[in-house]
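Notes for the one structure printed next.
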Amino acid sequence: MKLLLLSLNPGAMRAFLGGTTSGGPLRVGYIGDAQAAYAGAPFVAAERRAIEVLGHELVDITMRDLTASEFAETLSGVDAVYVAGGSTFALLEALKVTGGDIVLAERVREGLPYIGCSAGSIIVGPGIAPASLMDDPADGPALTDWAGLGLIDRTVIPHADGLLAPYPPSLIDETIARYGSSHRLLPLHDDQALLVDGEQETVIDSAPVAAEERVR
């Protein structure tokens, strides 16, 4: 498996995507269901731009519009998948009600490179309960369980440096205090990412993209 789990900043993406092919532009499937309630928000545009500035093609994927078989066919036509941030519960609901969670987990285990950001990083763990203080569980009313994709054995806690206004240090501390004894947690600062390469997991730097890259 090859996964890059971002907290926020996309600096580690260039090397990760550059290592997936011979070096040409990639078709990156962009799963944006977590952002359904945030159309037009600056962070949505910033996430998309972070991939586009690397010269790759975005293939928009809306899970709620696809059956499991249609999703599987779509994934067969991309070189990597990017699962965007937003509402963790809305994202997991979109995957589970369509059966896309099973398809996605299988494809990633078979070698499809996976990039997650925030919510997209949280769902790859064993469960999303630790995100219930950061995001609203009511965003996923059809969820019958909060089990994640189970691709790693820890739950990522993004924005753990408390620098983003919606996630102050007090909220991060409360999340860790409430769930740290019952869940394996991995707090990530916004300039960090978890790189998973086969059995090896490494927390790496993922700085903001330099200004000269943003204007390419």
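- Evaluation of the salt bridge (Lys or Arg N to Asp or Glu O under 4.0 Å) rule for D65 yields no partner, not counting sequence neighbours.
- A distance-only check finds no donor-acceptor pair linking the side chain of T202 to the backbone of L195 [under 3.5 Å].
- Taking D191 as the reference, N9, H189 meet the side-chain contact (heavy atoms from CB on, under 4.5 Å) condition, with sequence neighbours excluded.
- Interatomic distance, I61 CD1 to E70 CD, rounded to the nearest 0.5 Å: 12.0 Å.
- With sequence neighbours excluded, the residues forming a side-chain contact (heavy atoms from CB on, under 4.5 Å) with D101 are L95, K96, L149, listed by chain and number.
- Proximity of I122 to L92: side-chain heavy atoms (C-beta onward) are nowhere separated by under 4.5 Å.
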Subject >> Residues M63, V103; criterion side chain to side chain contact (heavy atoms under 4.5 Å, CB included); working and verdict >> reply: CA-CA 11 Å; M63 286 304 313; V103 173; over 6 Å; no
Tell me which donor-acceptor pairs under 3.5 Å the side chains of residues 129-138 have, and how far apart each pair is, sequence neighbours excluded?
unit_1 : atom_1 : unit_2 : atom_2 : d
S132   : OG     : A129   : O      : 2.8
S132   : OG     : Y179   : OH     : 2.8
D135   : OD2    : T88    : N      : 3.1
D135   : OD2    : T88    : OG1    : 2.6
D136   : OD1    : A138   : N      : 2.9

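- Hydrophobic clustering, with ILVMFWY side chains joined whenever heavy atoms are under 4.5 angstrom apart, keeps L188 apart from L171.
- When the side chains of ILVMFWY residues are joined at heavy-atom separations under 4.5 Å, either directly or via intervening members, L91 and I51 end up in two distinct hydrophobic clusters.
- Between A165 and P168 the shortest heavy-atom distance is O-CD, 3.6 Å.
- Scanning for side chain to side chain donor-acceptor pair (under 3.5 Å) contacts around S181 gives an empty result, with sequence neighbours left out.
- Residues A34 and G85 approach most closely at CB-O, 3.6 Å, considering heavy atoms.
- The closest side-chain heavy-atom distance from L54 to L26 is not below 4.5 Å.
- Applying the side-chain contact (heavy atoms from CB on, under 4.5 Å) rule to I176 yields the partners I172, L185, P187; only residues at least two apart in sequence or on another chain are considered.
- Put simply, the side chain of I152 reaches to within 4.5 Å of the side chain of L5, judged on heavy atoms.
- When the ring-ring contact (aromatic ring centres under 6.0 Å, His included) test is applied to Y30, the partners found at least two apart in sequence or on another chain are Y82.
- The closest donor-acceptor contact from the side chain of D190 to the backbone of D161 lies at 3.5 Å or more, if one exists at all.
- A donor-acceptor pair is defined here as one N or O able to donate and one able to accept, closer than 3.5 Å; no such pair exists between the side chain of E52 and the backbone of L58.
- Under the 4.5 Å side-chain heavy-atom criterion for Ile, Leu, Val, Met, Phe, Trp and Tyr, V81 and L151 are members of the same hydrophobic cluster.
- If you chain together hydrophobic residues whose side chains sit under 4.5 Å apart, L66 and I31 fall into the same group.
- For residues 103-114, every residue pair satisfying the side-chain hydrogen bond (donor to acceptor under 3.5 Å, both in side chains) rule, not counting sequence neighbours, is listed here: S76-R107.
- The environment of I102 atom CD1 is sparse: at most 12 non-hydrogen atoms of other residues, nucleotides or ligands sit within 6.0 angstrom.
- If you take CD1 on I115 and NZ on K2, they are separated by 12.5 Å, rounding to the nearest 0.5 Å.
- Among residues two or more places apart in sequence or in another chain, the side chain to side chain donor-acceptor pair (under 3.5 Å) test is passed with D173 by none.
- Atom CD1 of I123 and atom OG of S118 lie 11.0 Å apart (nearest 0.5 Å).
- Looking only at side-chain heavy atoms (C-beta outward), T62 and D33 come within less than 4.5 Å of each other.
- Partners of Y167 by side chain to side chain donor-acceptor pair (under 3.5 Å), not counting sequence neighbours: none found.
- For the pair T155 and P126, the minimum side-chain heavy-atom distance is below 4.5 Å.
- A donor-acceptor pair under 3.5 Å links the side-chain atoms of R27 to the main chain of G77, judged by distance alone.
- V156 is not listed as a side-chain neighbour of V124, based on a closest heavy-atom distance of 4.5 Å or more.
- Of the residues T98, T144, L143, the one that meets the side-chain contact (heavy atoms from CB on, under 4.5 Å) test with E93 is L143.
- Hydrophobic cluster membership differs between F71 and V97, with clusters built from Ile, Leu, Val, Met, Phe, Trp and Tyr side chains linked at under 4.5 angstrom.
- L163 contributes atom CG, which lies 9.5 Å from atom OG of S7 (distance to the nearest 0.5 angstrom).
- Inter-residue side-chain proximity for P25 and E57 is flagged as unmet; no heavy-atom pair is nearer than 4.5 Å.
- With rounding to the nearest 0.5 angstrom, the CG atom of D205 is 7.5 Å from the CD atom of Q192.
- Applying the side chain to side chain donor-acceptor pair (under 3.5 Å) rule to S206 yields no partners; only residues at least two apart in sequence or on another chain are considered.
- Legend: residues meeting side-chain contact (heavy atoms from CB on, under 4.5 Å) with A41, ordered by chain and number and at least two apart, are Y38, F43, V44.
- Side chains of L194 and R154 form a contact here, defined as non-hydrogen atoms less than 4.5 Å apart.
- The distance from the CG atom of L17 to the CG atom of D79 is 9.5 Å, given to the nearest 0.5 Å.
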